[in-house]
Protein chains: 2
Amino acid sequence: MTIRLMIADDQAMVRAGFAALLNAQSDIEVVADAEDGEAAVAAARLHHPDLVLMDVRMPRMDGLEAARRILATSDGAHLTRILMLTTFDVDDYVYEALRLGASGFLLKDAPPEDLITAVRVVASGEALLAPSVTRRLIEEFFARPTEPVRTSMLESLTARETEVLRLVARGMSNTDIAAHLVVSVQTVKTHVGKIFAKLGLRDRAQAVICAYESGLVTAGDPR
Amino acid sequence: MTIRLMIADDQAMVRAGFAALLNAQSDIEVVADAEDGEAAVAAARLHHPDLVLMDVRMPRMDGLEAARRILATSDGAHLTRILMLTTFDVDDYVYEALRLGASGFLLKDAPPEDLITAVRVVASGEALLAPSVTRRLIEEFFARPTEPVRTSMLESLTARETEVLRLVARGMSNTDIAAHLVVSVQTVKTHVGKIFAKLGLRDRAQAVICAYESGLVTAGDPR
DNA sequence: CGGTGTCTCACCCCTGGGTGTGAGAGACAG
DNA sequence: CTGTCTCTCACACCCAGGGGTGAGACACCG
């Protein structure tokens with residue numbers, strides 16, 4: 001099955017070059033092109049391509065906004081994937097594009113065979129990034145220290161205390177916790193007190209902070 | 001400058017195959033190999049390769065642990081990069097490996113030229129992932145909504161209230177906040193009370209949670 | 001000019017929560 | 001078997017914090 005492709009780039013020469021290169025592949029067919037973001041959105045709505053090669057910088061409407069609209073208007077049946085292209089390696093664009101749902105991000109100076117490979121990969125539902133982009137993405141998210149320091153704070157806590165702290169970090173009152181653990185409120189108070197003493201806290205508010213900072217609980221995790 | 005490479009895999013045939021393939025490249029030299037994790041750590045300590053091709057599954061010590069140790073013992077001068085390999089596409093391994101600091105993750109069924117490319121890319125300091133892995137990584141991190149829902153909760157707060165909430169989320173007592181903002185404790189109580197009313201909170205502990213969940217404050221940010 | 005919103009502050013009430021002390025039961029190691 | 005640790009609970013103290021009501025000072029806007 002051939003890959004139905006669209007090219008959105010403001011430079012005619014680039015469009016022609018990419019089209020020639022990709023049309024030469026037996027499994028790729030360039031079905032449309034556009035010279036700005038608005039035209040890209042309109043053309044995508046008309047031709048429903050499998051994949052759009054989208055330049056980031058374009059007049060009238062940039063590639064990011066165009067990508068957003070194309071992805072937004074994709075009716076469940078035919079989903080169009082986006083492969084972003086950029087001349088420069090500007091990472092602001094990268095994160096924004098990936099967040100929007102783009103499936104890939106390549107630099108224009110990549111060798112032609114890489115582009116062809118990328119088209120096939122993205123069209124198959126996988127994703128592909130330029131190596132430098134990959135590195136940044138990984139760094140960005142895993143740069144967050146594995147906090148050996150932080151979890152060490154919690155090492156002094158017993159299993160039960162950790163459990164109580166987790167409940168405190170969910171916003172429960174002592175009474176709530178007592179009910180939840182089926183123990184008396186006094187017991188909960190004892191646990192909470194020992195947690196404070198061990199971790200040098202004063203408030204249950206500070207305990208919540210500690211739980212988040214230590215990674216015991218995380219923003220966005222199942223409540 | 002040639003890339004000094006090490007291969008860690010428990011299957012001798014795989015080691016031989018990779019070595020032959022890579023040694024055939026003029027810019028790559030296989031300087032060591034290892035058949036298990038422990039041997040890999042020892043060999044890396046001895047040869048200081050630029051790059052280690054590391055199989056995930058190995059006897060005695062798995063590739064993840066070996067990677068962790070090699071990365072941990074890298075003295076600032078000679079840093080060794082890790083390219084993880086796996087036969088199966090098990091994503092638990094992927095996240096763990098990348099979190100540890102691996103620079104890439106490939107499936108063994110990738111075409112040989114991809115492996116060679118990956119070696120050069122990773123050795124150059126960039127990163128490279130198998131397409132399916134890339135897709136998952138992107139999904140994993142951008143699937144979490146940029147929380148238009150969450151920040152919208154905070155929209156009802158005035159600038160001053162937001163400021164107070166931020167201080168609450170740092171673990172400050174009302175008295176602390178009053179001193180910090182140079183207002184009376186009563187004023188702080190009023191603000192805090194209105195925050196609770198607007199956000200439907202009961203505790204300052206819950207306020208801290210709200211601050212983290214909304215992204216007003218983030219784990220690991222400057223205290 | 002009057003209405004609205006924000007920031008400020010005060011007084012009162014009272015419960016929840018943080019603190020201290022003490023202690024019994026069960027598990028486990030030496 | 002004795003010491004240590006953990007989990008459990010109780011009584012008591014006290015105050016920071018949450019809740020209600022009201023109000024003065026600005027600023028902004030129609």
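Reminder, nothing fancy here: chain letters follow the sequence lines and each chain counts from 1.
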Within the side chain of [X], is there an N or O that forms a donor-acceptor pair under 3.5 Å with the backbone of [Y]?
X: D203(A); Y: Q206(A); value: no
X: R15(B); Y: D9(B); value: yes
X: E161(A); Y: T158(A); value: yes
X: T80(B); Y: P49(B); value: yes
X: T190(A); Y: Q186(A); value: yes
X: R68(A); Y: G101(A); value: no

For this session: Remember a base hit wins even if backbone is also touched, and classify T187(B) as base, sugar-phosphate or nothing at under 4.0 Å, heavy atoms.
Result: base
Starting at [atom1] of [X] and ending at [atom2] of [N], how long is that distance when rounded to a whole Å?
X: L199(B); N: dG18(D); atom1: CG; atom2: P; answer: 13 Å
X: Q206(B); N: dG18(D); atom1: CD; atom2: P; answer: 10 Å
X: L157(A); N: dC7(D); atom1: CG; atom2: P; answer: 10 Å
X: H191(A); N: dC9(D); atom1: NE2; atom2: C1'; answer: 10 Å
X: L181(B); N: dC9(C); atom1: CG; atom2: P; answer: 10 Å
X: K198(A); N: dC7(D); atom1: NZ; atom2: C1'; answer: 11 Å
X: E163(A); N: dT6(D); atom1: CD; atom2: P; answer: 15 Å

Problem set entry | Closest approach of T134(A) to L129(A) (non-hydrogen atoms, all atoms of both residues) | OG1-CB, 3.3 Å
For this session: Sugar-phosphate atoms are those with a prime plus P, OP1 and OP2; base atoms are the rest. Using that split, label each nucleotide of nucleotides 10-30 of chain C B, S or - for protein heavy atoms under 4.0 Å, 5' to 3'.
Result: BB-----BBS-----------
Nucleotides 25-30 of chain D: which of its N/O atoms have a protein N/O under 3.5 Å away?
none

For this session: Check whether more than 12 heavy atoms from other residues, nucleotides or ligands sit under 6.0 Å from atom CZ of R4(B), and answer yes or no.
Result: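 Atom CZ in R4(B) is packed in, count exceeds 12.
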For this session: State whether D176(B) and R202(A) are salt-bridged, where the test is any N-O pair (Lys NZ or Arg NE/NH1/NH2 against Asp/Glu carboxylate O) under 4.0 Å.
Result: yes
